[in-house]
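Please read these numbers as outputs of a predicted model, since none were measured by experiment.
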Amino acid sequence: MVLNPVISKLAGKLVVLASASPRRMEILRNTGLRFEVVPSWFKETLDKEKFKAPYEYAVETAKHKALEVAKRMPLNHLKTPDVVIGADTIVAVDGTILEKPVDKNDAYRMLSRLSGKEHSVYTGVVIVLCHENENKSVDYRLIDFYEETKVKFADLSESMLWEYIDSGEPMDKAGGYGIQALGGMLVERVHGDFLNVVGFPLNHFCKQLDIVFNTSGLLLSQEILAHSETNVSSLASSRIQQPNPAAMTSPDTSAKSDLLKASCFHQTHGSQTSPSASPVHKVKKNGDNSKEDEHTWPLGNSCSTNPAAENTTAPSLSSREQLTEVIGTQREDNGPQKDDLQRIIELMDGFKASKALFTASRLGVFDLLQSRPELDAAQVAQEIKASVKGTQCLLDACVSLGLLRSRESSCQKRVYMNAALAQGFLLSDAPHSLGGYIQHCDQTVWPLFTHLECAVRDGTHQHEKAFGKKANDLFQDTLYNNQDIKLRFMSAMHSIAKVTGRAVATAFDLSRFKTACDLGGCTGALAHELTKAHPEMRVTVFDLPTVVEMSGRFSPQHSENRVSFLAGDFFEDELPKADLYILARILHDWPDEKVHVLLRRIADSCTSGSAVLIAETMLDGRKPHAALQSLNMLVQTEGMERRERQFADLLCQHGFGDVQVVHTGNFLDALIAFKM
Ligand SMILES: Cc1cn([C@H]2C[C@H](O)[C@@H](COP(=O)(O)OP(=O)(O)OP(=O)(O)O)O2)c(=O)[nH]c1=O
């Protein structure tokens, strides 16, 4: 806990881990830090001969990983992070650097060299602080350090070696072993930070953060204080990395982003923290637009809205402290800006990236490579019954998108395996699989979006143009009009609810509510998360008969029976009585006049103190996902996405007030309003 205050100073900042390492994610996630994961595309091919010490190689590699993500995000993700963390772990024995083995023989070679000896594990870490300056370019300030841990292996027999290698564990780990898993059996002694061996020297990282914040607790102040050499420990060193311009291309810094105004919602990776730690803010009713981005944090410290506009005075520099070199580029005066052109190309390529993901998912590429990693394009093509040429293009596109990883095998063939993103979200049987939603996007949303221009001109959905049939009743005539389409849609809604359910269920303290009714709750995925998070709560899922009859297919094996289903139409039938009514991704299907009908019916069913919990992607003028989701509703439904204030205005007309919102950091934001 002693270091927790340091981590909490990153609250409200967009922190990005530029790593696909599940171990690094786990180590950081366990600190309660909220961060996004954006694996780096940097190929770890620096010439080792050019470095006088192994740790220099690790630090330089970590720097390139972090900077690549820091530069790419404004273009690909349309947002500039505040902090990007890169890391690289290597094993060094007898002056030789060992990274991840390319195949089993390579693993054997590495482990044989380590057998019976002491070696060093170095993890280089680079923290990139991104700061948008007055001319809209982004300054990058780097702080780097490395940690060394000494590890002594036991004498390893041939049989032990091969048994370990055949476990598969060595293949994605430096030095060909994982000390935190089976590889622990090989280790006699560790001297230094254990987590450093696993891939991230957490203690040193927190100490470094403390230095960066120094006493005034400022991050991204005008002058980032550098760390003096005084805290060099026996096995670790911290130093300011004076970026070597020759060693790297100057980052594209013209990316436009106002996200350095520390927006008050979190990009959450991993475990949802308790409601008390989530930033809850009250929504003012219409007319008071000036404070839209100001939120008060439960911890009492307000999040800055724009560092550049703050009257932050940089702490004075002591003689022993150095400034890191600012890396920035001056904008040229003539011709199309390279970065702007790149931005437009990225946008034009967007649909190709989506379709590549949809196609790979539909062809079963991710499931195949999970069961059989390290296949080459020809082998994948044979399995998915596709051309080698087409498969090669698709696989390489997925690698470029960070969905797959590839490397040269020992017989000089390029082999492919799933990246962490694919393992987390794209496998059919993954707990948070988005496969259903991807199929819905590919089969339903994609054809509708080809008629976006008509949707914009007409202001109506495009089911008839896309599928050749009139859709009078949005759901009955389109999404539910045959079993396959209905099952696909329910699977899509189920996958979204699985990914977002816990964040929505824990966004507020709902312990006062004993009964809830999830209107349009579809498969009950959110309902189950609510009962998990609130042991006293019973939830009734109220949805159309055609949906309720299929919901059993999605019920979790081991679920308490505090979730029940009731068939009905929430526009027509009497609503079940409940303390809390839930509308998750429901209101965005309907125009205001229909929303008023539904809210009036809910208000009539409520008693004082009852509440309504809304989960939607809320428009905030910044998040591209929300604005694009609103287009999605335009082509698909009669509805739209709305701003917080629009919800507050709709709700107050039906006697609901004290509106609070939590930006959960994933697809959905949560809003609660109480019956006054
Ligand atoms: C020595 C050792 C390494 N490792 C892992 C940590 C790292 O994930 C990996 C070293 O390879 P890295 O290149 O540092 O990291 P990575 O490839 O996994 O992820 P990324 O490059 O995207 O950041 O080896 C263990 O898990 N246990 C160990 O005992």
Side-chain angles (χ1 to χ4, degrees), residues 354 434 436-482 484-497 500 518-523 525-526 542-544 546-547 568-572 582-602 612 614-619 623-644 646-647 650-651 667-669 671:
S354 302
L434 282 170
Y437 194 60
I438 286 171
Q439 207 185 16
H440 170 66
C441 290
D442 190 31
Q443 306 293 308
T444 302
V445 179
W446 184 272
L448 287 165
F449 257 86
T450 54
H451 301 283
L452 178 61
E453 183 181 336
C454 295
V456 170
R457 291 183 190 284
D458 308 343
T460 59
H461 65 69
Q462 297 297 307
H463 284 277
E464 189 169 357
K465 285 196 177 63
F467 304 109
K469 55 172 101 53
K470 208 159 182 50
N472 296 317
D473 178 298
L474 176 68
F475 287 91
Q476 302 288 12
D477 298 345
T478 57
L479 301 168
Y480 297 155
N481 77 342
N482 82 42
D484 289 344
I485 294 177
K486 178 169 61 174
L487 200 51
R488 188 173 68 213
F489 179 71
M490 288 182 70
S491 168
M493 296 307 104
H494 186 69
S495 60
I496 287 287
T500 60
D518 188 355
L519 296 170
C522 200
T523 64
L526 173 58
F542 189 72
D543 211 322
L544 295 171
T546 185
V547 172
D569 182 336
F570 48 56
F571 282 123
E572 305 289 339
I582 296 148
L583 293 164
R585 305 180 81 239
I586 295 298
L587 298 185
H588 71 176
D589 293 333
W590 306 105
D592 284 1
E593 51 273 20
K594 287 277 188 79
V595 169
H596 280 301
V597 170
L598 182 51
L599 290 180
R600 187 176 312 117
R601 305 188 88 245
I602 294 171
V612 62
I614 292 172
E616 292 284 5
T617 301
M618 292 188 193
L619 290 172
K623 284 184 292 187
H625 171 67
L628 294 174
Q629 181 63 12
S630 208
L631 277 183
N632 186 35
M633 304 328 293
L634 173 70
V635 297
Q636 278 204 76
T637 70
E638 304 162 52
M640 71 207 77
E641 298 300 353
R642 294 177 171 89
R643 288 177 176 278
E644 296 171 15
Q646 288 172 283
F647 284 112
L650 287 164
L651 287 159
F667 283 113
L668 298 182
D669 303 310
L671 175 153

Counting C-beta onward and ignoring hydrogens, is there a side-chain heavy-atom pair between His461 and Leu448 closer than 4.5 Å?
no

Can you check whether Lys465 reaches Asp458 side chain to side chain, under 4.5 Å on heavy atoms?
yes

Over 12 non-hydrogen atoms of neighbours within 6.0 angstrom of CD in Glu593
yes

Sidechain-backbone polar pair: [X] side chain, [Y] backbone, donor-acceptor under 3.5 Å:
{"X": "Thr617", "Y": "Ala626", "result": "no"}
{"X": "Ser495", "Y": "Ala492", "result": "yes"}
{"X": "His463", "Y": "Gln636", "result": "yes"}
{"X": "Lys486", "Y": "Thr546", "result": "yes"}
{"X": "Glu616", "Y": "Ile586", "result": "yes"}
{"X": "Arg585", "Y": "Gly520", "result": "no"}

Determine the minimum heavy-atom distance between [X] and [Y], stating which atoms define it.
{"X": "His494", "Y": "Ala525", "result": "ND1-CB, 3.6 Å"}
{"X": "Leu668", "Y": "Ala615", "result": "CD1-CB, 4.0 Å"}
{"X": "Met640", "Y": "Pro591", "result": "CE-CA, 4.3 Å"}
{"X": "Ser354", "Y": "Trp446", "result": "CB-CZ3, 4.4 Å"}
{"X": "Leu671", "Y": "Glu644", "result": "CD1-O, 4.5 Å"}

For the residue pair Trp590 and Phe570, does the interplanar ring angle fall in the parallel (under 30°), tilted (30 to 60°) or perpendicular (over 60°) class?
perpendicular

Relative to each other, are the rings of Tyr437 and His440 parallel, tilted or perpendicular (30° and 60° limits)?
tilted

Would you check, one step at a time, whether the test side-chain contact (heavy atoms from CB on, under 4.5 Å) holds for Val595 with Arg642?
CA-CA 12 Å; Val595 169; Arg642 294 177 171 89; 3.6 Å; yes

Going from [atom1] on [X] to [atom2] on [Y], what distance comes out if it is rounded to the nearest 0.5 angstrom?
{"X": "His588", "Y": "Leu619", "atom1": "NE2", "atom2": "CG", "result": "12.0 Å"}
{"X": "Leu452", "Y": "Leu634", "atom1": "CG", "atom2": "CG", "result": "6.5 Å"}
{"X": "Ser491", "Y": "Ile438", "atom1": "OG", "atom2": "CD1", "result": "10.5 Å"}
{"X": "Glu641", "Y": "Gln629", "atom1": "CD", "atom2": "CD", "result": "5.0 Å"}
{"X": "Leu526", "Y": "Thr500", "atom1": "CG", "atom2": "OG1", "result": "7.0 Å"}
{"X": "His625", "Y": "Ser630", "atom1": "NE2", "atom2": "OG", "result": "10.5 Å"}

Working for side-chain contact (heavy atoms from CB on, under 4.5 Å), residues Phe667 and Leu434:
CA-CA 12 Å; Phe667 283 113; Leu434 282 170; 4.2 Å; yes

For a side-chain contact (heavy atoms from CB on, under 4.5 Å) with Leu587, tell me which candidate from Ile614, Asp592, Leu519 qualifies.
Ile614

Using a strict 4.0 Å threshold on nitrogen-to-oxygen distance, state whether Lys594 and Asp589 make a salt bridge.
no

